[in-house]
Amino acid sequence: MVRTRFAPSPTGYLHIGGVRTALFNWLFTRRHGGQFILRIDDTDQQRHVEEALRPILDGLRWLGVEWDEGPDVGGPYAPYYQSQRLEFYQKAVQRLLEVGAAYRDYARPEEIQAEREAAQREKRPFVYSRRWMAETAEDARRFESQGRQAVVRLKMPREGTLVIDDLIRGRVEFDWSQEQDHVIQRADGTCLYHLASVVDDYEFRITHVIRAEEHLSNTPRQVFIAQALGYPLPQYAHLPFVAEPGSRVKLSKRKLDKYLKNKEFAERVEHGRRIAARLGLATELEVFNPVVVDFYRQVGYLPEAIVNYLALLGWSLDDKTEMFTREELIRHFSLEGVNKAPASFDPQKLWAFQDRYMRAVPMEKKIELVLPYLEKVGWVSAPASAAVRQKVAQILQAAGDRIKTAGDILDYGYFFTPDDRLEYEPGAIEKRLRAPGVADRLRRFAQQLAQVEPFEPAMLERMMHDFVMAEGIKLGDIIHAVRAAVTGTTVGLGMFDALAILGRESCLARIERALQYAV
RNA sequence: GGCCCCGUCGUCUAGCCCGGUCAGGACACAGGCCUUUCAAGCCUGUAACACGGGUUCAAAUCCCGUCGGGGUCGCCA
């Protein structure tokens, strides 16, 4: 039975690299019909864990990465919070002490630091002298009488090598002499990550530890702990990390301003912020950040698109298949298909997937996707009426693939604004209305518009063509002015669709109102 | 600095293990067509085996070295 885990710290947000790790664990597990466990690594935190955990759990669920055991769902090995598992760790520490794989150390932090610096000065690798290691009760008493407190350190081997067969990287060799006597328990009895992680992996019966590459160097000490405790070793698989756009450096939430120099990245951020600003959300990069999954949720990306993109970040099936349903991903995923080199996060490619997925969304679902956005900005009232839904459907239909994320519906505010409150973009006025002859032409056009029957796209188009012929002008000479007058913008969906959706009355009122800007 | 990992178009990648197709696909980019704007669509194009040595009739692929990038060396996780 395959059992894997994802072990986030409650940091308050779900990092894009973290989701990728979670996703690969999940895919691997589902592929093998196993169980995926969510464990919360909160040994360091005390308060606000719930609050800091929520965005992570919500984000995973939103993407459909469901866990079989863990917070909210429980499970046979509960609790799944490390902060609640201290007794397991302490028991393990006791055992390590008994078998001689760990020792009580009475060194003061500054004494260790001094040794470390001395080693550095002499350009030799740091190896702790074990001067304050208590081997007997006698030693312990002596150190304690000096007012010292004990931590527990691993008594690592100082010679020989360790070979790990990593499922992704293959055979990796480590020299024990490079390893330090890591602290596993503090003076106050609390335990540290490596110990906790190994104990839980055992207690939870984890068979495959699939995690990011930065843990590869940590593996020897974890293997040491596991072996000393007599645990069977899990299989290890170290994933390449997700790198910055156009670089090989690990993606980081804090370096966003640097990524913004990348044009494609900046475009996507700009798009997201436009929507967030309309929603009245905070748009500072600290909270609204494309390295964080919530960014995509708020902008209205589709979870399937993100999953598909993320799956291909470091994994591939073959030389051509790019579109995968969730089921296909599960069917085909394998660790052998995972690449070794880091993969740069490319928001533009994610965007391309979003585009493809959005096209495939049926109208009914698209309406559901978009309605919450319209409600949030107050353009439509909460339980949308049939008439509103009808109108939204018309807009979506006419907009077609122009609406790439659910939040893009907010570009079409002019369909919901009262005629006398329509806002005109300065550029629209400048470019399309303030041209000689526009006013008169618009007036004559309005007269025609008043009589079109039925007021539908095809008929409107015919009328427009007749108008152009009669005036002896080109289509472009009138249509841009009409667009500006009726929508207040210079871009948007097909003019005849827009007119039809707005209806005769609105169109006439808006043209009338726009005449004040025209010459 | 020690140790470990990695290195194919700008980006994601296929090919590498089992040497032999103009090194294939996708995103992005450029040009063109279409066009009422935008978006899309269609066509075309630019673009990579990090470098240097071997081995071989033949090397992205095997061997050695160099360089480059990254990770890790905590009483963080």
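Small disclaimer: the values here were computed from a predicted structure and weren't measured. Letters go in sequence order (proteins before strands), and every chain restarts at 1.
- Remark: G2(B) base-pairs with U72(B). Criterion, Watson-Crick or G-U wobble with two distances under 3.5 Å.
- The nearest pair of heavy atoms linking Pro220(A) to Trp176(A) is O-CH2, 3.6 Å.
- No hydrogens or angles considered: nothing links the side chains of Tyr193(A) and Asp41(A) as a donor-acceptor pair under 3.5 Å.
- Every residue was checked against the ring-ring contact (aromatic ring centres under 6.0 Å, His included) condition with Tyr89(A), not counting sequence neighbours, and none meets it.
- For Asp319(A), the listed nucleotide lying nearest its side chain is G24(B); candidates were U72(B), G24(B), U13(B).
- For the pair Arg153(A) and Tyr128(A), the cation-pi test (distance below 6.0 Å, angle within 45°) is passed.
- Phosphate proximity of G1(B) to Lys123(A): absent, as no side-chain N or O sits under 4.0 Å from OP1 or OP2.
- Phosphate contact (OP1/OP2 of A77(B), side-chain N/O of Thr43(A), threshold under 4.0 Å): present.
- Ion pair Arg462(A)/Asp466(A) not flagged as a salt bridge, since none of the NZ, NE, NH1 or NH2 atoms sits closer than 4.0 Å to an Asp/Glu carboxylate oxygen.
- At a threshold of 4.0 angstrom between heavy atoms, the contacts of Arg124(A) with the nucleic acid are absent.
- With respect to the salt-bridge test (charged N to carboxylate O, under 4.0 angstrom), the residues Arg268(A) and Glu264(A) do not qualify.
- Using a 4.0 Å heavy-atom criterion, one finds that His238(A) contacts no nucleic acid atom at all.
- Rounding to whole angstrom units, CG of residue Leu239(A) and P of G71(B) are separated by 16 Å.
- Minimum heavy-atom separation, Glu322(A) to Leu312(A): O-CD2, 3.3 Å.
- Close to U11(B), at under 4.0 Å from its OP1 or OP2, lies no side-chain N or O of Ser344(A).
- Heavy-atom distances under 4.0 Å link RNA chain B to Ala107(A), Pro109(A) of residues 103-115 of chain A, given in residue order.
- Put simply, the residue from Phe6(A), Phe88(A), Tyr80(A), Trp67(A) that forms a ring pair (Phe, Tyr, Trp, His ring centres under 6.0 Å) with Phe204(A) is Tyr80(A).
- Looking at heavy-atom distances under 4.0 Å, Asp188(A) makes no contact with the nucleic acid at all.
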Worksheet, complete the sentence: Nucleotide by nucleotide, nucleotides 27-39 of chain B touches protein heavy atoms under 4.0 Å in the pattern (B base, S sugar-phosphate only, - none) SS-------BBBB

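- Summarising the geometry, the separation between CD1 on Ile168(A) and C1' on G71(B) is reported as 15 Å, rounded to the nearest angstrom.
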Extract from the structure each pairing of a protein N or O with an N or O of nucleotides 2-4 of chain B at less than 3.5 Å, listing the distance.
unit_1, atom_1, unit_2, atom_2, d
G2(B), O2', Gln178(A), OE1, 3.1
G2(B), O2', Gln178(A), NE2, 3.0

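- Following rounding to the nearest Å, Arg169(A) (CZ) and U72(B) (C1') show an atom-to-atom distance of 13 Å.
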Item to complete: Begin with the C-alpha distance, continue with both residues' side-chain angles, and end with the deciding distance and a verdict on ring-ring contact (aromatic ring centres under 6.0 Å, His included) for Trp315(A) and Phe24(A).
Response: CA-CA 9 Å; Trp315(A) 173 84; Phe24(A) 281 23; 7.5 Å; no

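- Pairing for G65(B) goes to C51(B), judged as Watson-Crick or G-U wobble with the two contacts each under 3.5 Å.
- At a cut-off of 3.5 Å, with distance as the only test, a side-chain donor of Glu144(A) or Tyr106(A) sits close to an acceptor on the other residue.
- Taking atom CZ on Arg248(A) and atom P on G7(B), their separation rounds to 8 Å, with Å as the unit.
- Checking Arg221(A) against His194(A) by side-chain atom types alone, a donor-acceptor pair falls below 3.5 Å.
- Summarising the geometry, the separation between CD on Glu213(A) and P on C5(B) is reported as 10 Å, rounded to the nearest angstrom.
- Ranking C6(B), G71(B), G25(B) by closeness to the Val249(A) side chain, first place goes to G71(B).
- Of the nucleotides present, none pairs with U35(B) by Watson-Crick or G-U wobble criteria with both distances under 3.5 Å.
- Candidate nucleotides C6(B), U13(B), A40(B) were compared by shortest atom distance to the side chain of Pro342(A), and C6(B) ranks first.
- For the pair Leu317(A) CG and A26(B) C1', the interatomic distance rounds to 14 Å; values are reported in whole Å.
- Of the candidates U13(B), G71(B), C76(B), the closest approach to any side-chain atom of Arg186(A) belongs to C76(B).
- Protein atom NZ of Lys340(A) is 14 Å distant from nucleotide atom P of U13(B), rounded to whole Å.
- Summarising the base pairing, G19(B) is matched to no nucleotide, lacking a Watson-Crick or G-U wobble pair whose two defining distances lie under 3.5 Å.
- A26(B): Watson-Crick or G-U partner is U11(B), with both key distances under 3.5 Å.
- As judged by a 4.0 angstrom heavy-atom cut-off over every strand, Arg116(A) is placed among residues touching the sugar-phosphate backbone only.
- Arg85(A) meets the salt bridge (Lys or Arg N to Asp or Glu O under 4.0 Å) test with Asp200(A); sequence neighbours excluded.
- Taking atom NE2 on His182(A) and atom C1' on C76(B), their separation rounds to 13 Å, with Å as the unit.
- Residues passing the salt bridge (Lys or Arg N to Asp or Glu O under 4.0 Å) test with Arg20(A): none are found, sequence neighbours excluded.
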